[in-house]
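Since the structure comes first, as structure tokens, the remarks are kept for the end.
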Amino acid sequence: MRIEDLSGESGEPLSVEQFDELDTILDDLRTRDDEIPQWEFCEGFLAALICCRRVILPSEYLPVLLGIEPEGACGTSVFADTAQFERFMELWTRRWNEVATALNIPIEALDDERAYQPEVMDLRGAIAALSPEQRAEMGDAPIPSFGQIWAIGFMYAVENWPEEWAAPRDREAAKVLDAALQCIVTLTEDDTGEATVGAFEEDGEPTMSEQRLNDFADALWAVYDLREVWRQFGPRVETVRREETPGRNDVCSCGSGKKYKKCCGAN
């Protein structure tokens with residue numbers, strides 16, 4: 001089965017349990033390839049593909065994201081079997097449809113229940129909730145800031161298809177594109193400000209700066225802007241250049257040595 005032949009259910013949004021199932025599949029893939037990304041990275045990558053100027057098919061993006069063979073039935077290099085691959089694609093496609101639907105709906109505020117909300121984790125909050133012993137076991141590895149892995153995944157897709165993200169000739173659209181991408185690039189950077197707000201609870205443990213919260217909101221609006229820019233312009237159209245027709249008395253371009261009017265131009 002070709003991977004373009006797979007389709008996911010387009011009904012209900014993914015549940016918490018189904019997001020956990022995606023995490024479990026990725027964890028299993030990581031036992032065979034330690035470069036398989038976390039779901040938050042995949043979520044950003046998926047959003048960028050949806051916003052991209054042209055439709056990029058699974059056979060093109062799955063090798064970039066997961067390193068599987070584009071023509072493989074199940075990507076045997078990482079997936080345990082065909083069933084696992086097809087389940088991943090089913091859940092992936094459902095999430096794709098959910099995000100695309102959200103980005104197609106005009107909204108006035110990000111707290112609109114129809115708005116796109118990336119599936120991101122507050123890792124600093126989760127680690128703060130651990131016991132001192134558990135935190136000690138984690139060592140001194142840096143903890144990603146809120147939204148950082150999502151933004152890195154988004155920009156990874158942009159960087160892999162730069163021709164599809166090249167600025168259009170329209171100056172105003174080019175400005176919107178550049179500003180939107182810069183908002184997401186800002187989110188790829190670490191949050192070094194004083195933690196004063198919680199990611200998901202107003203009265204929860206402060207895990208990020210107020211600036212970070214604002215940057216995250218700006219990045220979400222940027223996704224809407226990017227989606228709209230490329231919807232307006234559509235896929236790039238390749239310029240077709242016709243070879244200049246020789247004059248009637250010029251030597252024919254076919255190489256016969258005859259004049260064009262007595263050779264190819266005689267027809």
Side-chain angles (χ1 to χ4, degrees), residues 13-14 16 19-20 23 37-51 95 98-132 134-136 138-159 165 172 174-229:
L14 292 186
V16 173
F19 275 118
D20 288 343
D23 278 331
Q38 301 287 339
W39 173 254
E40 184 172 332
F41 182 100
C42 296
E43 172 88 14
F45 187 88
L46 179 150
L49 291 176
I50 291 172
C51 293
R95 180 57 178 167
E98 183 182 354
V99 173
T101 298
L103 293 178
N104 287 339
I105 298 174
I107 61 168
E108 299 295 330
L110 292 174
D111 58 3
D112 187 322
E113 62 180 13
R114 303 170 301 168
Y116 170 49
Q117 292 295 334
E119 186 67 16
V120 297
M121 290 185 63
D122 179 15
L123 290 175
R124 294 186 177 183
I127 291 173
L130 298 176
S131 68
Q134 290 172 318
R135 288 199 297 271
M138 299 185 63
D140 297 327
I143 304 169
S145 302
F146 183 72
Q148 186 173 19
I149 301 303
W150 172 85
I152 291 172
F154 193 105
M155 293 307 302
Y156 183 69
V158 173
E159 291 160 3
W165 293 86
E172 290 304 313
K175 288 180 181 179
V176 172
L177 176 71
D178 182 67
L181 287 175
Q182 187 54 54
C183 286
I184 297 174
V185 169
T186 296
L187 208 64
T188 67
E189 300 169 356
D190 194 25
D191 178 15
T192 58
E194 180 184 359
T196 57
V197 294
F200 300 111
E201 299 179 6
E202 293 184 3
D203 56 351
E205 180 76 19
T207 56
M208 63 178 173
S209 66
E210 186 172 354
Q211 182 62 52
R212 188 64 172 192
L213 186 62
N214 293 334
D215 289 343
F216 184 69
D218 288 343
L220 295 190
W221 282 121
V223 175
Y224 279 92
D225 289 342
L226 292 170
R227 174 71 161 163
E228 187 58 29
V229 164

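Quick caveat: nothing in here was measured; it's all calculated off a predicted structure.
Remark: Phe41 CZ to Tyr156 OH distance equals 6.0 Å, nearest 0.5 Å. A distance of 11.0 Å separates CG of Asp225 from CG of Leu220, quoted to the nearest 0.5 Å. Annotation: the span from Phe216 atom CZ to Ile184 atom CD1 amounts to 11.0 Å, rounded to 0.5 Å. Rounded to the nearest 0.5 angstrom, Met121 CE and Gln38 CD are separated by 8.5 Å. A distance of 9.0 Å separates CD1 in Ile152 from CD in Glu40, rounded to the nearest 0.5 Å. The structure places CG of Leu181 at 7.0 Å from CZ of Phe154, a figure rounded to the nearest 0.5 Å.
Between Gln182 and Val185, the closest side-chain pair of non-hydrogen atoms falls below 4.5 Å.
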Assess whether side chain to side chain contact (heavy atoms under 4.5 Å, CB included) is satisfied between Leu213 and Phe146, documenting all intermediate values. CA-CA 8 Å; Leu213 186 62; Phe146 183 72; 5.5 Å; no
Go through Leu46 and Val99 one step at a time and tell me if the side chain to side chain contact (heavy atoms under 4.5 Å, CB included) criterion holds. CA-CA 9 Å; Leu46 179 150; Val99 173; 3.9 Å; yes
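In this structure, Tyr224 contributes its side chain and Tyr116 its backbone to a donor-acceptor pair below 3.5 Å. Between the Arg212 side chain and the Leu187 main chain, a donor and an acceptor come within less than 3.5 Å of each other. Arg227 places no side-chain N or O within 3.5 Å of a backbone atom of Asn104 that could act as its donor or acceptor partner. Panel note: side chain Arg114, backbone Ile105; no donor-acceptor pair is recorded below 3.5 Å. In terms of modelled atom types and a separation under 3.5 Å, the side chain of Asp191 and the main chain of Ser209 share a donor-acceptor contact.
Residues Asp122 and Thr207 bring a donor and an acceptor atom of their side chains to less than 3.5 Å of each other. A donor atom on one side chain and an acceptor atom on the other are found under 3.5 Å apart for Gln211 and Asp215.
Between Ala47 and Trp150 the shortest heavy-atom distance is CB-NE1, 4.5 Å. Nearest heavy-atom pair, Leu14 versus Arg95, reported as atom, atom and distance to 0.1 Å: CD1-CB, 3.7 Å. Looking at every heavy atom in both residues, Ala180 comes nearest to Ala222 through O-CB, 3.4 Å. Looking at every heavy atom in both residues, Ala100 comes nearest to Ile50 through N-CD1, 3.9 Å.
The aromatic rings of Trp39 and Phe19 are tilted relative to each other, their planes meeting at an angle between 30° and 60°.
Remark: Glu189 CD is packed, more than 12 non-hydrogen atoms of other residues, nucleotides or ligands lying under 6.0 Å away.
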